**Q** 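Below is the structure I would like to discuss, written out as structure tokens.
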Protein chains: 2
Amino acid sequence: MSISSRFAVGIHILTLIEVNKGNVSSSEYIAGSVNTNPVVIRRIIGLLKNAGLVTVRPGIAGAELAKDLSEITLLDVYKAVDVVQDQELFSVHGNPNPACAVGRNIQETIIPLFSAAQFALEKALGSVTIEDVVKDVLEKEKANNK
Amino acid sequence: MSISSRFAVGIHILTLIEVNKGNVSSSEYIAGSVNTNPVVIRRIIGLLKNAGLVTVRPGIAGAELAKDLSEITLLDVYKAVDVVQDQELFSVHGNPNPACAVGRNIQETIIPLFSAAQFALEKALGSVTIEDVVKDVLEKEKANNK
DNA sequence: CTACATGTAACTAGTTTAGTTACAACAAGA
DNA sequence: TCTTGTTGTAACTAAACTAGTTACATGTAG
């Protein structure tokens, strides 16, 4: 199991739009950097648009950030690209036996524990912004150019 | 996307073995409580055995806990049932373009961030033991019988 | 009208999951 | 030893999801 790379690609897209600021970031251009098909990029940009993170219009080349860099967290992206439904990072087996003391109580016991773990994950993602990512990418770039 | 229910079933199995203590917990009996096929249970018990959490022997009915209840955390179960590989909860797109400043640095930037989030999740799971789960199940059972 | 971009449906191959059947290996009692 | 019942596994299935692709309708601007 693994959380879809849509999440990583979403972060890549937003970062690239910022770093490429001033120029046009078309789906084809972005696809060139991510190294995938433009349709894959358009689909993800569509999700980012629904979440209010980017603006993009039919027929007009280029996507732009709809918010300030520092106001977009990885959690926003994570939720936008729809990789995990609320409360459903962990799946719980469906129909335990109600005739068994464990079977009839295990779900109610487990679900809050799973939610807490999922919340811890989301909190970590919420503490990092795209601004942080952009800065780190540019720093690494600088270091490599020395 | 969703983390396999093997994890939830693994917790169910360990809890049931404890609550059923004194009696024999065969794969068929456990399957009755989980409400699935005994082979599914045997497979998961095999994983729990590899991780040293239960003892079970060919031909002899019944699995038993190999450790004290309070020494088995949800994280142990999570790792045992192999639902997520180390450092791979989030997948990162494979071949970003090295000719692009973002493409050639994004992986190195993202991977530690993902690791931190995964670690936060694991820390939450590590703070709960099967003993906690057993107690909660029995408390809920008591409350419902009033 | 032309050129080009986005939006989206439809299809593909590859993976993963949970479940199932079938059967070998093993243990213990009659 | 034979019978019964269990664990351990291989092999197969249907369903779901992923990432990628082709094709094309829709929209913009010169």
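Everything numeric in this text was worked out from a predicted model, so none of it was measured. Values reported hereafter were calculated over all heavy atoms of this structure, with side chains retained and with hydrogens, waters and symmetry mates removed.
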**Q** Which sits closer to the 5' end of DNA chain C, B:V39 or A:G59, going by the nucleotide each is nearest to?
**A** A:G59
**Q** Determine: side-chain N/O of A:S5 to OP1/OP2 of D:dA19, distance under 4.0 Å, yes or no.
**A**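 Checking D:dA19 against A:S5, a side-chain N or O does come within under 4.0 Å of OP1 or OP2.
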**Q** Expressed in angstrom and rounded to an integer, what is the separation of B:L48 atom CG from D:dG8 atom C1'?
**A** 15 Å
**Q** Does any N or O in the side chain of A:S91 come within less than 3.5 Å of the main-chain N or O of B:S5, such that one atom is a donor and the other an acceptor?
**A** yes
**Q** Rounded to whole angstroms, how far apart are CZ on B:F7 and C1' on C:dT16?
**A** 19 Å
**Q** For A:I60 and D:dT28, give me the distance from atom CD1 to atom P, rounded to whole Å.
**A**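 Distance, rounded to whole Å: 6 Å.
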**Q** Let me know the distance between CD1 of A:I44 and C1' of C:dT6, rounded to the nearest Å.
**A**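 From A:I44 CD1 to C:dT6 C1': 15 Å.
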**Q** Atom CG of B:L47 and atom C1' of C:dA18: how far apart are they, to the nearest Å?
**A** 14 Å
**Q** Does A:S4 make a side-chain N or O approach to OP1 or OP2 of D:dT18 shorter than 4.0 Å?
**A** no
**Q** Within the structure, does a side-chain N or O atom of B:T36 lie under 4.0 Å from either OP1 or OP2 of C:dA18?
**A** no
**Q** Distance check needed: D:dT9 P versus B:R43 CZ, whole Å only.
**A**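 Taking CZ of B:R43 and P of D:dT9, I get 12 Å after rounding.
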**Q** Rounded to whole Å, please give me the gap between CZ in A:R42 and P in D:dG20.
**A**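 The answer, rounded to whole Å, is 14 Å.
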